[in-house]
Amino acid sequence: MIHPILRMGDPRLLRVAAPVTRFDAEFDALIADLFETMHAAGGAGLAAPQIGVPLRVVVFGFDKVQRYPEAPPVPPTVLVNPVLSPLTDETEEGWEGCLAVPGLRGVVARHARLRYTGVDQHQQP
């Protein structure tokens, strides 16, 4: 099911998301909905809080995406309860957008090297 994407200014986007503790059929449906919503919006990634579900889960991946035409393909990925660890203090700037801020893009500084850990929807690292 395609969900509406919350827009910047919605107070639900300011809440701290809770860890996922239940990996059941309802959670599998959420994952499917996140991918369907992301694809319908032409996005490269989508987090559950962006559709009003305050859980620590993000999906991303694409073969080609209009928003980032030069980007190499990224396999469909589900990341549950992510932990992000910078591997260096070095940063890189790049153009980014957010589905919660339609029509607006900007240059954003990000860590040049980052390790992310978590599990997928089957609780596999």
Side-chain angles (χ1 to χ4, degrees):
M1 170 180 11
I2 297 172
H3 293 262
I5 296 172
L6 303 181
R7 301 293 183 229
M8 185 174 73
D10 189 306
R12 293 174 289 178
L13 291 171
L14 299 175
R15 295 189 301 200
V16 174
V20 174
T21 57
R22 290 181 37 218
F23 293 80
D24 54 15
E26 185 177 331
F27 184 67
D28 289 339
L30 171 63
I31 298 299
D33 289 355
L34 283 167
F35 273 114
E36 188 174 0
T37 302
M38 178 187 78
H39 291 136
L46 187 67
Q50 290 177 278
I51 62 168
V53 178
L55 291 175
R56 293 181 190 164
V57 59
V58 61
V59 301
F60 56 93
F62 52 87
D63 289 325
K64 287 192 105 24
V65 65
Q66 184 178 4
R67 296 169 64 89
Y68 304 100
E70 303 300 319
V74 175
T77 303
V78 176
L79 186 55
V80 181
N81 299 329
V83 175
L84 306 176
S85 304
L87 298 176
T88 176
D89 289 335
E90 180 186 357
T91 60
E92 295 176 346
E93 292 185 343
W95 284 93
E96 291 189 23
C98 179
L99 295 174
V101 189
L104 184 63
R105 292 174 53 87
V107 175
V108 177
R110 299 281 188 205
H111 287 281
R113 299 202 55 219
L114 180 76
R115 173 179 291 128
Y116 63 84
T117 58
V119 297
D120 66 12
Q121 71 267 34
H122 308 293
Q123 301 183 59
Q124 297 301 307

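Starting from 1, each residue takes its place in the sequence as its number.
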Restricting to non-hydrogen atoms, name the atom on G61 and the atom on M38 that form the minimum distance, rounded to 0.1 Å. O-CE, 3.5 Å

Heavy-atom closest contact (R22 atom, F27 atom, distance): O-CB, 3.6 Å

Mark yes or no for whether [X], through its side chain, and [Y], through its backbone, hold a donor-acceptor pair below 3.5 Å.
X    : Y    : value
R12  : I51  : no
E93  : V108 : no
T37  : H3   : yes
H111 : T88  : yes
R110 : E92  : no
N81  : V20  : yes

From [X] [atom1] over to [Y] [atom2], what is the distance, rounded to the nearest 0.5 angstrom?
X   : Y    : atom1 : atom2 : result
D24 : Q121 : CG    : CD    : 12.5 Å
E36 : L46  : CD    : CG    : 12.0 Å
M8  : L104 : CE    : CG    : 7.0 Å
D33 : I2   : CG    : CD1   : 9.5 Å

Are the side chains of [X] and [Y] in touch, meaning some heavy atoms are under 4.5 Å apart?
X    : Y    : value
Q50  : C98  : yes
K64  : P73  : no
F23  : V119 : yes
V83  : Y116 : no
P82  : R56  : yes
F35  : V78  : yes
D120 : V80  : no
L55  : L30  : yes

Can you tell me if CG on D89 sees more than 12 non-hydrogen neighbours from other groups inside 6.0 Å? no

For R113, is the CZ atom crowded, meaning more than 12 foreign heavy atoms sit under 6.0 Å from it? no

Does [X] belong to the same Ile/Leu/Val/Met/Phe/Trp/Tyr cluster as [Y], with side-chain heavy atoms less than 4.5 Å apart forming each link?
X    : Y   : answer
L114 : V58 : yes
V53  : L34 : yes
V74  : L79 : yes
I31  : I5  : yes
L99  : V57 : yes

